[in-house]
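Have a look at the structure below, then the notes.
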Amino acid sequence: MQRIAAHDQPAFERYYRATVSRVFGLALRITRNRATAEEVAEDVYVQLWHRAASFDASRGSPLGWTLTICRSRALDALRRRDPAVLDPDPHERTDAWPETSSDPQDLLQASRQSATLHAAMQKLAPLQRQLLSLAFFADMAHAQMAAHTGLPLGTVKSTLRRTLAALREDLGSP
Amino acid sequence: MGKLDPKPDPSLDRPSPQLLRVLQEELSPIEPPPGVRDSLLVRILKRTVRAGREWQTRQTRQNRQGIHGKPESKRPPQDPQDD
């Protein structure tokens, strides 16, 4: 990241090639649209080029920082493109999605099989994974999740609360 | 209003930043479609190289001024990504 901050173009290209599938994958899962995901990825790397000097290694890895920028940009793009974030059935837009994945926003399918996250997701009920997906991929608040799923608000809150507590235990993540 | 239940810990209402990081870092990658990987890089470089080229030019000039005491003329910086 220091070399990118010094505008070392070969280093920048190497970083791009090593990480673009992660950035594009996250952007695509959030936006569910290839063209938008490409735009997001483009913006992410341009931002990296300009802001690499502000990267703080004590707060995480370069990839983690990059993906945090990506998620934020992708959610911005999602809100800009589609004000109805509470799309009644976002998975209808399968034309935007690779055929290999039946549900792009199911965290069990989306997580790498070797990852700790995958094992944790296997322990969750489908509803728990769905609510967590809505929080992660669409940044939905409780009321939005209730409207989206048709569940009572109290059920959404209690289910998500149990989900987060379970993950905290499984992943050791605060 | 009027309930005596203790207020729940709001940190449990939403995924923490730490959990968000775990989620985003442990998702499986998706390769961009064929051709997009390179064309995307070209688009990025078009937006960054111009800024980088200007920066490099300034650096080169400053270095040469430091060595020779005066700026060296012409010789544009190399830019492999020019259209």
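Computed over heavy atoms, backbone and side chain alike; hydrogens, waters and symmetry mates excluded. Numbers restart at 1 for each chain; the letters A, B, ... are given by sequence-line order, proteins then strands. What you are looking at is a predicted structure, and each value in this text was computed from that prediction instead of being measured.
- Contact of A/R22 with chain B is made through backbone and side chain together, with heavy-atom distances under 4.5 Å.
- Ring geometry, A/H7 versus A/W49: the interplanar angle falls under 30°, so the pair is classed parallel (tilted spans 30 to 60°).
- When heavy atoms are compared at a cutoff of 4.5 Å, A/T116 approaches chain B by way of both its backbone and its side chain.
- Side-chain contact between A/Y15 and A/P62 is present, with heavy atoms from C-beta onward closer than 4.5 Å.
- Salt bridge present: B/D38 and A/R17 bring a charged side-chain N and a carboxylate O closer than 4.0 Å.
- Of the listed residues A/A41, A/A120, A/G64, the one with more heavy-atom pairs under 4.5 angstrom with chain B than any other is A/G64.
- A donor-acceptor pair is defined here as one N or O able to donate and one able to accept, closer than 3.5 Å; such a pair exists between the side chain of A/Q128 and the backbone of A/A125.
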